[in-house]
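Down below is the structure, laid out as structure tokens.
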Amino acid sequence: MSNLFPIINNYSTPPKPTSMLVRRQATPLFYFQVFMIVLKASRMAKRGRYDDAQWIKSSLNTIKALESVGGRFEIENVPSYRKSESSCVFIANHMSVLETFVLPCLIQPQCDVTFVVKESLIDYPFFRHVMRSRDPIVVGRANPRQDLRTVLGEGRKRLSSNVSVVIFPQTTRSVNFEPGNFNTLGVKLAARAKVPIIPIALKTDAWGLGRKLKDFGKIRPDKTVHICFGEPLRVQGSGKEEHKIVVDFIMTKLEDWR
């Protein structure tokens, strides 16, 4: 698979039979593989050896891990962001942890990228070393005004250094997409930095949300993972129209995938 991204425009998991036993044990089998991916990445990051190529490799291995337990991916319009002449702000809905693992192998090969992440992610055991090595923009979620200042300030620094930014404007991960909870922070950042927006629609509920530990829910290989990149948008005026385009793009895709 590593030879396919990002050369092709679309990707579909090749048909491959998976035993019923593997499907029934999909959750522990997948998490074991992910734990080993993160453990290896963490060790490298602690030594300062976790570079862009290793990040891409970890991301690809996560896709392979889900496919190995019967999961399927349908990825559309991967190279669309090549049409942008500068760094850009990727704005996506946030359904599960999976997108944080998978998006790097789709974006990083073409342009340097980082994420806006919540503070708790950089304190996770093992994963914190990986996340910190990617120079993310960290928000606390307790003070919206402070988060706004952080994203606009730190985001402009990254974008001016030709590092694109992925932002999830929802207040929390959710299987259901609620436009009212999808803030305009990404649009404001793009407008302030004078860079394009690229919407991303995601359906990643194959990695379920847990009841006690939200990040570790049931793995559902019967639910196809869908990822679709939209076309670049330049923010004009207040950005209300561009925000509506992003929201409509995500809603339309989610409806199609249902």
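Just so you know, residue 1 is the first one in the sequence shown, and it goes up from there.
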What's the verdict on side chain to side chain contact (heavy atoms under 4.5 Å, CB included) for Arg220 and Asp205, showing C-alpha distance, side-chain angles and the deciding distance?
CA-CA 8 Å; Arg220 295 285 304 273; Asp205 52 344; over 6 Å; no

Derivation of the salt bridge (charged side-chain N to carboxylate O under 4.0 Å, His left out) call for Glu74 and Arg72
CA-CA 7 Å; Glu74 293 289 343; Arg72 286 187 48 79; 2.8 Å; yes

Walk me through whether Glu76 and Ile227 qualify under side chain to side chain contact (heavy atoms under 4.5 Å, CB included).
CA-CA 6 Å; Glu76 306 171 63; Ile227 301 173; over 6 Å; no

Please evaluate residues Glu154 and Lys157 with respect to the criterion salt bridge (charged side-chain N to carboxylate O under 4.0 Å, His left out), reporting the C-alpha separation (whole Å), side-chain torsions for both, the decisive distance (0.1 Å), and the verdict.
CA-CA 5 Å; Glu154 294 299 314; Lys157 290 179 184 178; 3.4 Å; yes

Steps toward side chain to side chain contact (heavy atoms under 4.5 Å, CB included) verdict (Phe73, Thr224):
CA-CA 6 Å; Phe73 285 82; Thr224 300; over 6 Å; no

Which is it for Phe216 and Thr27 under the side chain to side chain contact (heavy atoms under 4.5 Å, CB included) test, yes or no, and what are the steps along the way?
CA-CA 9 Å; Phe216 300 99; Thr27 299; over 6 Å; no

For residues 180-194, which side-chain donor-acceptor pairs fall under 3.5 Å, sequence neighbours excluded?
from, atom 1, to, atom 2, distance (Å)
Asn183, OD1, Leu185, N, 3.0
Asn183, ND2, Pro169, O, 2.8

Side-chain atoms of residues 35-47: list all donor-acceptor pairs with protein atoms under 3.5 Å, sequence neighbours left out, distances to 0.1 Å.
from, atom 1, to, atom 2, distance (Å)
Ser42, OG, Phe126, O, 3.1

Donor-acceptor contacts, no H, no angles, side chain residues 245-252, under 3.5 Å, sequence neighbours left out:
from, atom 1, to, atom 2, distance (Å)
Asp248, OD2, Lys244, NZ, 2.7
Thr252, OG1, Asp248, O, 2.8

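Identified under the salt bridge (Lys or Arg N to Asp or Glu O under 4.0 Å) test for residues 50-60, with sequence neighbours left out: Asp52-Arg134. Counting only residues at least two apart or in different chains, salt bridge (Lys or Arg N to Asp or Glu O under 4.0 Å) contacts with residues 164-186 comprise Arg173-Asp215. The ring pair (Phe, Tyr, Trp, His ring centres under 6.0 Å) pairs that include a residue from residues 137-156 number zero, where partners must be two or more places apart or lie in different chains. Applying the side-chain hydrogen bond (donor to acceptor under 3.5 Å, both in side chains) definition to pairs two or more places apart or across chains, none involves residues 14-23.
The environment of CZ in Arg145 is sparse: at most 12 heavy-atom neighbours from other residues, nucleotides or ligands sit within 6.0 Å.
The two residues Tyr50 and Ser58 have their closest heavy-atom pair at OH-OG, 2.8 Å. Ile63 and Cys105 make their closest contact through CD1-SG, 3.7 Å (heavy atoms, listed as atom of the first residue, atom of the second, distance). Here the closest heavy-atom approach between residue Ala92 and residue Leu202 is recorded as CB-CD1, 3.7 Å. Scanning all heavy atoms of the two residues, the minimum distance from Val69 to Gln33 falls at CG1-NE2, 4.3 Å. Taking both residues in full, the closest heavy atoms of Gln236 and Glu242 are given as N-OE2, 3.3 Å, listed atom of the first, atom of the second, then distance. In this structure, Thr100 and Phe115 approach most closely via the heavy-atom pair O-CZ, 4.1 Å.
Here the CD1 atom belonging to Ile91 is positioned 7.0 Å from the CD1 atom belonging to Ile167, to the nearest 0.5 angstrom. Note that CD1 of Ile200 and CZ of Phe229 are 4.5 Å apart. Values are rounded to the nearest 0.5 Å. Atoms SG and CG, from Cys228 and Asn77 in turn, are 5.5 Å apart once rounded to the nearest 0.5 Å.
Between Gln146 and Thr150, the side chains place a donor N or O and an acceptor N or O closer than 3.5 Å (distance only, hydrogens not considered). Side chain to side chain, Glu99 and Asn93 fail the donor-acceptor criterion of an N or O pair below 3.5 Å.
Put simply, the side chain of Met95 does not reach to within 4.5 Å of the side chain of Gln170, judged on heavy atoms. The shortest side-chain heavy-atom distance between Leu29 and Val22 falls under the 4.5 Å cut-off. Considering only heavy atoms from C-beta on, Val166 stays 4.5 Å or farther from Val116 through its side chain. Proximity of Val225 to Leu66: side-chain heavy atoms (C-beta onward) are separated by under 4.5 Å at one or more points. At a threshold of 4.5 Å between non-hydrogen side-chain atoms, the residues Ile219 and Tyr31 count as touching. Looking only at side-chain heavy atoms (C-beta outward), Ile75 and Asn10 stay at 4.5 Å or farther from each other. Tyr11 is not listed as a side-chain neighbour of Val78, based on a closest heavy-atom distance of 4.5 Å or more.
Note: the hydrophobic cluster containing Val165 does not contain Val113 (ILVMFWY, side chain heavy atoms under 4.5 Å, direct or indirect links). Taken together through direct or relayed side-chain contacts under 4.5 Å among Ile, Leu, Val, Met, Phe, Trp and Tyr, Ile198 and Leu233 form parts of separate hydrophobic clusters.
Put simply, the side chain of Thr204 never gets that close to the backbone of Leu98: no donor and acceptor are under 3.5 Å apart. Judged purely by atom type and a 3.5 angstrom limit, Ser59 has no side-chain atom pairing as donor or acceptor with the backbone of Trp55. Listed for the Ser161 side chain is no donor-acceptor partner under 3.5 Å among the backbone atoms of Val163. Of the possible polar contacts, none joining the Asp147 side chain to the Val139 backbone as a donor-acceptor pair under 3.5 Å is found.
Asp135 meets the side-chain hydrogen bond (donor to acceptor under 3.5 Å, both in side chains) test with Arg158; sequence neighbours excluded. Shown here are the side-chain hydrogen bond (donor to acceptor under 3.5 Å, both in side chains) partners of Ser164, two or more places apart in sequence or in another chain: there are none. Checked against side-chain hydrogen bond (donor to acceptor under 3.5 Å, both in side chains), Glu241 has no partners two or more places apart in sequence or in another chain. Listed by chain and residue number, Phe168 satisfy the ring pair (Phe, Tyr, Trp, His ring centres under 6.0 Å) test with His94 (two or more places apart in sequence, or in another chain). Phe32 meets the ring pair (Phe, Tyr, Trp, His ring centres under 6.0 Å) test with no other residue; sequence neighbours excluded.
Aromatic ring orientation, Trp257 versus His226: parallel (interplanar angle below 30°, classes split at 30° and 60°).
Salt-bridge formation is detected for the pair Arg258/Glu255: a Lys NZ or Arg NE/NH1/NH2 atom is positioned less than 4.0 Å from an Asp or Glu carboxylate oxygen.
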